[in-house]
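Note on naming: letters A, B, ... go to the chains in the order of the sequence lines (proteins, then strands), and numbering restarts at 1 for each one. Quick note: numbers below take in every heavy atom, side chains included, and nothing from hydrogens, waters or symmetry partners.
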Number of protein chains: 4
Amino acid sequence: MNSTGRLFRVSLYGESHGPAVGIVLDGVPAGILLSAEDFTHDLTRRKPGRSGTTTRIEDDIPIILSGVYQGKTTGAPIHISFENKNVRSADYNSFNEQPRPGHADFTSRVKFSGFNDPRGGGHFSGRLTLCLVAAGVVAKKCIPEITFQSHVTEAGGMTDIESALEDALKKGDSIGGVVECIVSQIPVGIGEPFFDSLESVIAHLAFSIPAVKGIEFGSGFSASRMTGSQHNDAFITREGKTQTNHSGGISGGISNGNDLIVRLAVKPTSSTPQSQNTLNFLSGKMENLQIQGRHDLCIALRVPVVLEAIIAIGLADLCLIHGKSG
Amino acid sequence: MNSTGRLFRVSLYGESHGPAVGIVLDGVPAGILLSAEDFTHDLTRRKPGRSGTTTRIEDDIPIILSGVYQGKTTGAPIHISFENKNVRSADYNSFNEQPRPGHADFTSRVKFSGFNDPRGGGHFSGRLTLCLVAAGVVAKKCIPEITFQSHVTEAGGMTDIESALEDALKKGDSIGGVVECIVSQIPVGIGEPFFDSLESVIAHLAFSIPAVKGIEFGSGFSASRMTGSQHNDAFITREGKTQTNHSGGISGGISNGNDLIVRLAVKPTSSTPQSQNTLNFLSGKMENLQIQGRHDLCIALRVPVVLEAIIAIGLADLCLIHGKSG
Amino acid sequence: MNSTGRLFRVSLYGESHGPAVGIVLDGVPAGILLSAEDFTHDLTRRKPGRSGTTTRIEDDIPIILSGVYQGKTTGAPIHISFENKNVRSADYNSFNEQPRPGHADFTSRVKFSGFNDPRGGGHFSGRLTLCLVAAGVVAKKCIPEITFQSHVTEAGGMTDIESALEDALKKGDSIGGVVECIVSQIPVGIGEPFFDSLESVIAHLAFSIPAVKGIEFGSGFSASRMTGSQHNDAFITREGKTQTNHSGGISGGISNGNDLIVRLAVKPTSSTPQSQNTLNFLSGKMENLQIQGRHDLCIALRVPVVLEAIIAIGLADLCLIHGKSG
Amino acid sequence: MNSTGRLFRVSLYGESHGPAVGIVLDGVPAGILLSAEDFTHDLTRRKPGRSGTTTRIEDDIPIILSGVYQGKTTGAPIHISFENKNVRSADYNSFNEQPRPGHADFTSRVKFSGFNDPRGGGHFSGRLTLCLVAAGVVAKKCIPEITFQSHVTEAGGMTDIESALEDALKKGDSIGGVVECIVSQIPVGIGEPFFDSLESVIAHLAFSIPAVKGIEFGSGFSASRMTGSQHNDAFITREGKTQTNHSGGISGGISNGNDLIVRLAVKPTSSTPQSQNTLNFLSGKMENLQIQGRHDLCIALRVPVVLEAIIAIGLADLCLIHGKSG
């Protein structure tokens, strides 16, 4: 569904080539300072423009349409809208004829019986992550002590990201990457038993970010190759500080006071510049497909701020549930 | 929280050393054949007894207390209960003094202000996965065409699982593993846009399984090291069949008709036979801790049927939402 | 559905003639004293036995199966179960042939395609209100300052209830009634804007009580015959105390500090001793139906404690949401 | 909260004097014809202008900002927005000094610690019912066979509504009323057992309409004065048609195929032209309050289309859950 959260609730809407995308946030505590300027920093981090990213000029100005009075949140729903500008026309019917590999063209058409908006991926466009980032900005204000640090740790299998991008540009092919976020100062006790563990809530939200293929916490997949005596984090203080942090800050689904460590696997941009051989559903034959337009070569580069946002959204909800809002 | 699902709803309860654990299933369609015998196969698969697994005799007999009449589901909530037998007494207060590394002793005590039931991990015990398996049995009956195959692909970093267990026994240390599930025959179109993608729903449930540190779909973390032209799955039939299956059966969060592929990273059992040096919260000093009792050396061995169960639970809910119940 | 609540969550199960009915409560704060004895008072108030009520001996002993340790709630789900005893056999297939007017025989059969448990009304039995009362006992402990007073204000159109019952016995016909609950000491600010107003939450729960045909708050239906200058409650203290209380303690969906006043219309027991002329679905003819067994002549008499319970359930949830648990 | 629904989901936002009010609808099936013109009929019915209603010119033009492509719903969220025009400035701080009796001024200020938007009632304004009516238009399209008829049956205690309004104008005082809606062609089986009965869902939504003090179904409060043999509706056809319709179309919380009958008690407009004696919170003294501006004398007159809307919203959700969308 297009809404999530129990107390801090997020509902989003919009399509890539429609008039606007936006988000309605409900359950935000009253009295928090909030203005359009507060969004600038994170929205800028999400923006294209760096080597290897899309050239679409996204003039992302948040318009606050409700829930703020005299510069502060009122406790009523906050509606933040972004107009879609510079929307280029194109023959999107071709997506029906030859659905793009790696995209949602085929599945969204089947699910919605052909009534989906195909232009630019419609509701499945990466542009919707703009809404997540905006929601994240508000969520961070609901949990003020908690701090976030995130970055791309790997692209195209290399830790030197610049070299990886140069390679990709040379080869004319898109590449994947790994994005990590470290969150500090989470109080002990956040996360609910069983179905709403801290991992569950974050993982749920993380897979709403397009192109994510995996998520791990702390030791993650490397835990599968360790022994218990290597993996267990010995306690060293009564506040729960541990010698190592293989847990990634979570024990039994509940925050343990150590840094939360989350890593995402991001697949290469599906819209690769390379020509692809794939079925033409009309002719019934395999045919070459050349994706038009210019796209991010490494979509992972834009994910760090989105990952921060979804973690903040999850934490805001769980902190409110636990009774620890800022 | 201890309940999940929108139409196929699961609520669980119980503690390791309380009188019973159980599950209430709501939203199960009426008219499905259901008896205690239906649970035997999957409950047996979860049972200990193989080399390296716990020796606690779990006599897991499901008692159906509501929602079934004349052998068929009635549409009313189904309550399935399991008595806890052979519960051994022990001094669980020591968990407060010296919380076990890797367990929820510390976090559950802080979260619940010391009122949590500490015996055998209480509500955080792996015994609760019994409820998940039972719910999975019913869920599978709600989506009859869909088939599941799951197994441990790796233990202690080795693909020869028997050797890995022998090593672990020799070293007297627990080991982690990787569990994979392949699900076939899912119709195209299952999963909801944005927040309730198929990956989101499955990942959410997967992290309710104790000891899971990561999840990946299809190519997963290896996608981060691939190029777009390697990763994209070319369509070869109008039904959506693709040449490769890096997508793991999901595009844009929606099932695409190819096999769903899910892999979990499972950490080594926290209750390793090795002695551990960790803080005694009473004395304020680092002290040796020797976990008593016999525990699974490789908890991953018991996870395949649980992974199947949670995928079935998620699919049952999403299929009902999409209007494709069995 | 058979579950409700956002933070204080209630899931119930069971049928009139099955092995048990029960309830799972999730989200109950840890550290609250709770024992089987705590239920005695309210369960006794719900019991039959007074003139005009059913003679079925209901030996209602609550069994707490989880979520309580050393006499206190743990923060984990609380499962409370009631065994069904003295269940008499009968030919319930007749309900399919000649569905009882005023009962759910017809609708439940259609909704569940004939797979519903028909014995004693199955899941639609008034016996399930036992679960509501039990949930109410726990809910009241979550909001300790708030006090409840409830009673039947009218039966068979008379305020002298004893006379009304005597009349009903003489005529051999069941009668309806009005039940009122006055709740004091609710802090100002409980209830959420728009869809989860205090009235919305209470009304939602009230209509889960069988036989309820209407609900009103404060002035209720009489407000429709008043003028604004008569109806408006003038403020007399800064704490929000008003001169009159036509609001019934709620303004804009939010508690205003004055007594909450709720009234329910309860229809006459559908199982009247009178013979009824209604369709035989098998023969296709109108035929006499004589309901067997002895039933409450005035079901309203058992509603006060149930009304209290559902108000307490709603308030517990809304108080937790607002951050004001006891 | 400001969102509701399980499959047909409604989230609203906005304040009386902010830039816009609006609604995001999620879960609307794809392929339904939808244009701005579809809203005209119901929005006009809600409009003021008749004798006794407010003179604020509400130029209510719905702007569809997402979820519709080539004139049809896409399956993605539908965002409908209404600009607020002709917003007059005023000194709304006086509401803090002397909260208006019958309004949410006092409770919203306490609940939101004084950060609420007080202008024109802010988020608690009756203007928000515009969103309900818009949602109702879409909901009706999701359940096309079902038809609605609604009207004011009583105003100021009289059935001749025109005379009642003339009286009110002469006296210069606002009056209450009763609004009834009759819904035909609901299939048998809509509504969920126990907590989500058809009555529960409708009553929940009905109390989000400002000024509603009571709701009844079928015989309603008059049932409390009837006997069982009078009240029971005898079956006369195998489709469930009954001789009388005291049930109001619902048995055991589930639609029974007869007309659904719902009645609301609507209190007199709180903003009466009469002067009121009420506390000045600043001076601590009882002082006269004269509400400025012109307001509806009988707010009940605008409720019929809103009542239809909320019933349609509830039915759309329950029909989707039951698997019977149009």
Would you mind telling me which of [options] has the largest number of heavy-atom pairs within less than 4.5 Å of chain B?
options: A:Glu192, A:Glu216, A:Lys213, A:Arg100; result: A:Lys213
options: A:Gln243, A:Met158, A:Glu239, A:His246; result: A:Glu239
options: A:Gly189, A:Ser229, A:Gly252; result: A:Ser229
options: A:Gly191, A:Gly121, A:Gly102; result: A:Gly191
options: A:Arg263, A:Met1, A:His103; result: A:Met1
options: A:Phe217, A:Phe112, A:Phe281; result: A:Phe281

For [X], is it the side chain, the backbone, both or neither that has a heavy atom under 4.5 Å from a heavy atom of chain B?
X: A:Asn256; value: both
X: A:Thr269; value: backbone
X: A:Leu264; value: backbone
X: A:Ser222; value: neither
X: A:Gln276; value: side chain
X: A:Val179; value: neither
X: A:Asn2; value: both
X: A:Ile261; value: neither
X: A:Pro99; value: both
X: A:Val178; value: both
X: A:Pro193; value: both
X: A:Ser255; value: backbone

Between [X] and [Y], what is the shortest heavy-atom contact and its length?
X: B:Arg238; Y: A:Ser283; answer: NH2-C, 4.0 Å
X: A:Ala223; Y: B:Pro268; answer: O-CD, 3.3 Å
X: A:Gly177; Y: B:Ser224; answer: O-CB, 3.1 Å
X: A:Ala203; Y: B:Ala203; answer: CB-CB, 3.9 Å
X: A:Arg225; Y: B:Gly157; answer: CG-CA, 3.6 Å
X: B:Gly214; Y: A:Phe221; answer: C-CE1, 3.7 Å

As an exercise: rank [options] by heavy-atom pairs under 4.5 Å with chain A and give me the winner.
options: B:Gln274, B:Lys285, B:Arg6; result: B:Arg6
options: B:Leu128, B:Val110, B:Ile236; result: B:Ile236
options: B:Ala168, B:Gly218, B:Gly240; result: B:Gly240
options: B:Gly156, B:Ser271, B:Ala104, B:Ser270; result: B:Ser270
options: B:Ile250, B:Thr4, B:Ile215; result: B:Ile215

Euclidean distance, [Y] [atom2] relative to [X] [atom1], rounded to 0.5 Å:
X: B:Phe194; Y: A:Thr129; atom1: CZ; atom2: OG1; result: 7.0 Å
X: A:Phe207; Y: B:Ile202; atom1: CZ; atom2: CD1; result: 9.5 Å
X: B:Glu199; Y: A:Ser208; atom1: CD; atom2: OG; result: 10.0 Å
X: A:Thr272; Y: B:Asn232; atom1: OG1; atom2: CG; result: 7.0 Å
X: B:Ser174; Y: A:Met226; atom1: OG; atom2: CE; result: 10.5 Å

Q: Could you tell me which portion of B:Ile291 (side chain, backbone, both or neither) has an atom closer than 4.5 angstrom to a non-hydrogen atom of chain A?
A: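 The answer is neither part of B:Ile291.
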Q | Contacting moiety of B:Ser275, where chain A heavy atoms sit under 4.5 Å | A |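 Neither; nothing under 4.5 Å.
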Examine distances only and state if a side-chain atom of [X] and a backbone atom of [Y] form a donor-acceptor pair shorter than 3.5 Å.
X: B:Thr107; Y: A:Ser251; answer: yes
X: B:Thr278; Y: A:Ala234; answer: no
X: A:Asp173; Y: B:Thr227; answer: no

Hey, does [Y] have a side-chain heavy atom less than 4.5 Å from the side chain of [X]?
X: A:Phe124; Y: B:Ile254; value: yes
X: B:Leu12; Y: A:Phe195; value: yes
X: A:Phe235; Y: B:Gln98; value: no
X: B:Pro101; Y: A:Thr242; value: no
X: B:Val188; Y: A:Phe106; value: yes
X: B:Ile190; Y: A:Lys111; value: no

